[in-house]
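If you read the sequence from its start, that first residue is 1, and numbering goes on from there. Everything numeric in this text was worked out from a predicted model, so none of it was measured.
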Amino acid sequence: MSVILTCHSLCLGYENREVLHGLDLRLEEGQCLSVLGENGAGKSTLLHALLGLKKPSRGSVEYGAGLSRRQIGYLPQQSAAQKDFPALAGEVVRSGLLSSCGARAWYTRGERRRALEAMELLGVREMNRRSFRELSGGQQRRVLLARALCATQKLLLLDEPGAGLDPVASQDLAQAIRALHRTQGISIVMVSHDIATALREADLVLHLVNAHERFLGTPDAYRASETGARFLGNRN
């Protein structure tokens, strides 16, 4: 199995402080990495570095398996502006193809078909002509996930995809992400506060405690670790 993403001694800063020091990480094709930790631990900053939006203070991020930075799908934390975006759901999804259009100002028939296929996979194809702002929170997140899927066939970065959703919508979205991972073979890096889902779906767990303290390993090893015992104990 090919390595799709590698971090070498990665160091990151945020607001004049170091949030990550010396991370070595190796993600293979088809694997799912769950990133855990309290607020301010550097989880979103790490995703920004993996996307190339954040320059490391030291170390490096490298892509493999033919992946380029422009071929990564990204689902950020949802903002108020996103919820009220004035466009049709299909237009939002197709915007995920812009990086592949280059200077071209239109979508090809194949690109439009790909957007519809992504919507079909996420169960929102029938919402193609509906206003995005009129959709429920769960439907909006599925549309935005379809948009991220349009940008990639190899790697998705998801920043708290279920945040702000009610429990039913959050579980429905988790099932959709699980299906993507299992049926499409896409590698996933997912920041989550849903510990049960994170451990159930992940091949690897990265728990950021502080800049120098972290856990990286399998879900079983995490449950047996001191870090896992502390974190899971806080949720009993």
As an exercise, state the distance from [atom1] of [X] to [atom2] of [Y], rounded to the nearest 0.5 Å.
{"X": "L180", "Y": "L122", "atom1": "CG", "atom2": "CG", "answer": "5.5 Å"}
{"X": "M119", "Y": "R147", "atom1": "CE", "atom2": "CZ", "answer": "13.0 Å"}
{"X": "C32", "Y": "D203", "atom1": "SG", "atom2": "CG", "answer": "6.5 Å"}
{"X": "L25", "Y": "L10", "atom1": "CG", "atom2": "CG", "answer": "9.0 Å"}
{"X": "I186", "Y": "L149", "atom1": "CD1", "atom2": "CG", "answer": "4.5 Å"}
{"X": "L158", "Y": "Q77", "atom1": "CG", "atom2": "CD", "answer": "12.0 Å"}

Check whether any side-chain heavy atom of [X] lies under 4.5 Å from a side-chain heavy atom of [Y], and answer yes or no.
{"X": "L155", "Y": "V189", "answer": "yes"}
{"X": "Q139", "Y": "M127", "answer": "yes"}
{"X": "L51", "Y": "R69", "answer": "no"}
{"X": "L173", "Y": "L145", "answer": "yes"}
{"X": "T197", "Y": "Q171", "answer": "yes"}
{"X": "L75", "Y": "L156", "answer": "no"}
{"X": "R223", "Y": "L199", "answer": "yes"}
{"X": "H8", "Y": "L23", "answer": "no"}

Main-chain N/O of [Y] paired to [X] side chain as donor or acceptor, under 3.5 Å:
{"X": "R214", "Y": "H207", "answer": "no"}
{"X": "E18", "Y": "L12", "answer": "no"}
{"X": "Y222", "Y": "L216", "answer": "no"}
{"X": "E213", "Y": "N210", "answer": "no"}
{"X": "E134", "Y": "S131", "answer": "no"}
{"X": "K43", "Y": "E38", "answer": "yes"}
{"X": "R114", "Y": "C150", "answer": "yes"}
{"X": "R142", "Y": "D172", "answer": "yes"}
{"X": "S170", "Y": "D166", "answer": "no"}
{"X": "Q71", "Y": "S68", "answer": "yes"}

Step through the shown structure and confirm whether more than 12 heavy atoms of other residues, nucleotides or ligands are within 6.0 Å of [atom1] on [X].
{"X": "Y63", "atom1": "OH", "result": "yes"}
{"X": "E62", "atom1": "CD", "result": "yes"}
{"X": "R178", "atom1": "CZ", "result": "yes"}

Is there a path from [X] to [Y] through hydrophobic residues (I, L, V, M, F, W, Y) whose side chains come within less than 4.5 Å of each other?
{"X": "V124", "Y": "I177", "value": "yes"}
{"X": "L157", "Y": "L121", "value": "no"}
{"X": "Y74", "Y": "L97", "value": "no"}
{"X": "L50", "Y": "L53", "value": "yes"}
{"X": "F215", "Y": "L232", "value": "yes"}

Which pair of heavy atoms, one from [X] and one from [Y], lies closest together, and at what distance?
{"X": "I72", "Y": "A151", "result": "O-CB, 4.0 Å"}
{"X": "R133", "Y": "P86", "result": "NH2-CB, 3.5 Å"}
{"X": "A146", "Y": "A118", "result": "O-CB, 3.7 Å"}
{"X": "I188", "Y": "L27", "result": "O-CD2, 4.5 Å"}
{"X": "I4", "Y": "S187", "result": "CG2-OG, 3.8 Å"}
{"X": "V93", "Y": "A115", "result": "CG1-O, 3.8 Å"}

Please determine if E201 and R182 form a salt bridge, counting it only when a charged side-chain N lies under 4.0 Å from a carboxylate O. yes
Does E226 come within less than 4.0 Å of R230, counting only side-chain N to carboxylate O? yes
May I ask you to decide if the ring planes of H212 and H21 are parallel, tilted or perpendicular, using 30° and 60° as cut-offs?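 It falls in the tilted class, 30° to 60°.
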List the steps, then state whether side chain to side chain contact (heavy atoms under 4.5 Å, CB included) holds for M190 with L33. CA-CA 6 Å; M190 179 169 61; L33 169 69; over 6 Å; no
Show your working on side chain to side chain contact (heavy atoms under 4.5 Å, CB included) between L46 and L206 and close with a plain yes or no. CA-CA 11 Å; L46 173 60; L206 173 62; 3.6 Å; yes
Tell me, with the steps shown, if E28 and S2 meet side chain to side chain contact (heavy atoms under 4.5 Å, CB included). CA-CA 6 Å; E28 297 183 345; S2 301; over 6 Å; no
Can you list the steps and then say if F231 with I195 is a side chain to side chain contact (heavy atoms under 4.5 Å, CB included)? CA-CA 9 Å; F231 194 60; I195 183 67; 3.8 Å; yes
Would you mind telling me which of L204, V191, D159, V205 makes a side chain to side chain contact (heavy atoms under 4.5 Å, CB included) with V35? V191
